[in-house]
Amino acid sequence: MNDLQRDIAQLIIDTLSLEDIEVSDITPNMPLFGEGLGLDSIDALELALALQKRFDIQIASDSRDARQHFANVASLASFVEAQRAACAS
Amino acid sequence: MIDLRIADWRAWAPGLESAEAWQAWANAPWAPAEQGEQPDCSFLPAMQRRRLSRMARIALHVAWPLCGDDEQLPLVFASRHGETTRTYAILGDVADRQPLSPTQFGLSVHNAIAGQWSILRGQRGESTAIAGEADTFEHAMLEAATLIDQGAPAVIVVMTEERPPEAYADWIDDVPFTYAVALRVGASRPDAGAASHWQLQLSGRTTQADHTDWPFALDFVRALHRPAASLMHTWKTRQWIWQRNP
């Protein structure tokens, strides 16, 4: 995992109170929802809010691509990087 | 006149968890200091525990052993003030114009803990969430009596209050410390100990409230430790009389 991926994994753990999980338990391609980490739709909302605050980015609530962006830590990291670039330009 | 059979009970307060601790407290009560202590609720997997507030953990901790996995029993959740800690945090975010946490907002209703009980215990029956005045406990027991009258074999009643944030000090003066009391009213579990039988009577009256040293649910816990007891609890125009039958 790169630094951003690690940051996001830690953010997921802290934001969602995953008290028995550590960053090393989360791999970049592990599914976050349903199978894998086992998060649900309320977690998705909570996580979107935390990502916006932490990385100062915008996440449109009606984005059709949201499901893909939130698939795993790797896809979230790519999404955050793309959003940061978009917001900076 | 209402007859109430207390089949079993549990209570929790900071440092007061065992039956022996409650016996000692009943003999000579004191207000325990607290620093956010809460039960670990280790009977639940971590993924199910993570959305439980402090009050939810305390309420589930006391109610959990009173209901068998093979039973479907109504729940009465009672709290005069509810989750003031959560409310205060959400109001703080509103005041600061911060977006609200979906989880916190979604659970900021008085029946949230009753809902979590229902989900975590697979309870599909009735649940009631009551916020009364200083006699919330009596109203909860009245609700339990009506559910039993409608055919429920037993009812789980949980009365809980959390020590509120300092900002509420001028308004909330009846929560000296965080506590929860759960009672199983009605039929006992097969392996349960002795039940106690009570009569509750309401008579109208217009006087000032009697001063009680402890929240009434805890005065009731004290009375549960005595073989014979009668309690009087007055609030506004309502005078409740509790009598323990031999």
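Side-chain atoms are counted along with the backbone in the values below, which use heavy atoms only and exclude waters and symmetry mates.
Contact annotation for A:L16: both backbone and side-chain heavy atoms come within less than 4.5 Å of a heavy atom of chain B. Only the side chain of A:E19 comes within less than 4.5 Å of a heavy atom of chain B; its backbone N, CA, C and O stay farther away. Using a 4.5 Å cut-off between heavy atoms, A:L45 contacts chain B through both its backbone and its side chain.
When the candidates B:A46, B:P45, B:P102 are compared by the number of heavy-atom contacts under 4.5 Å with chain A, B:P102 comes out ahead.
The shortest non-hydrogen separation linking A:L51 to A:L76 is CD1-CD2, 3.7 Å.
Between B:H225 and the options B:W25, B:W22, B:W9, B:F220, a ring pair (Phe, Tyr, Trp, His ring centres under 6.0 Å) holds for only B:W9.
With B:E83 contributing its side chain and B:A56 its backbone, the two residues share no donor-acceptor pair below 3.5 Å. Without hydrogens or angle criteria, B:R54 side chain to B:E37 main chain gives a donor-acceptor distance under 3.5 Å.
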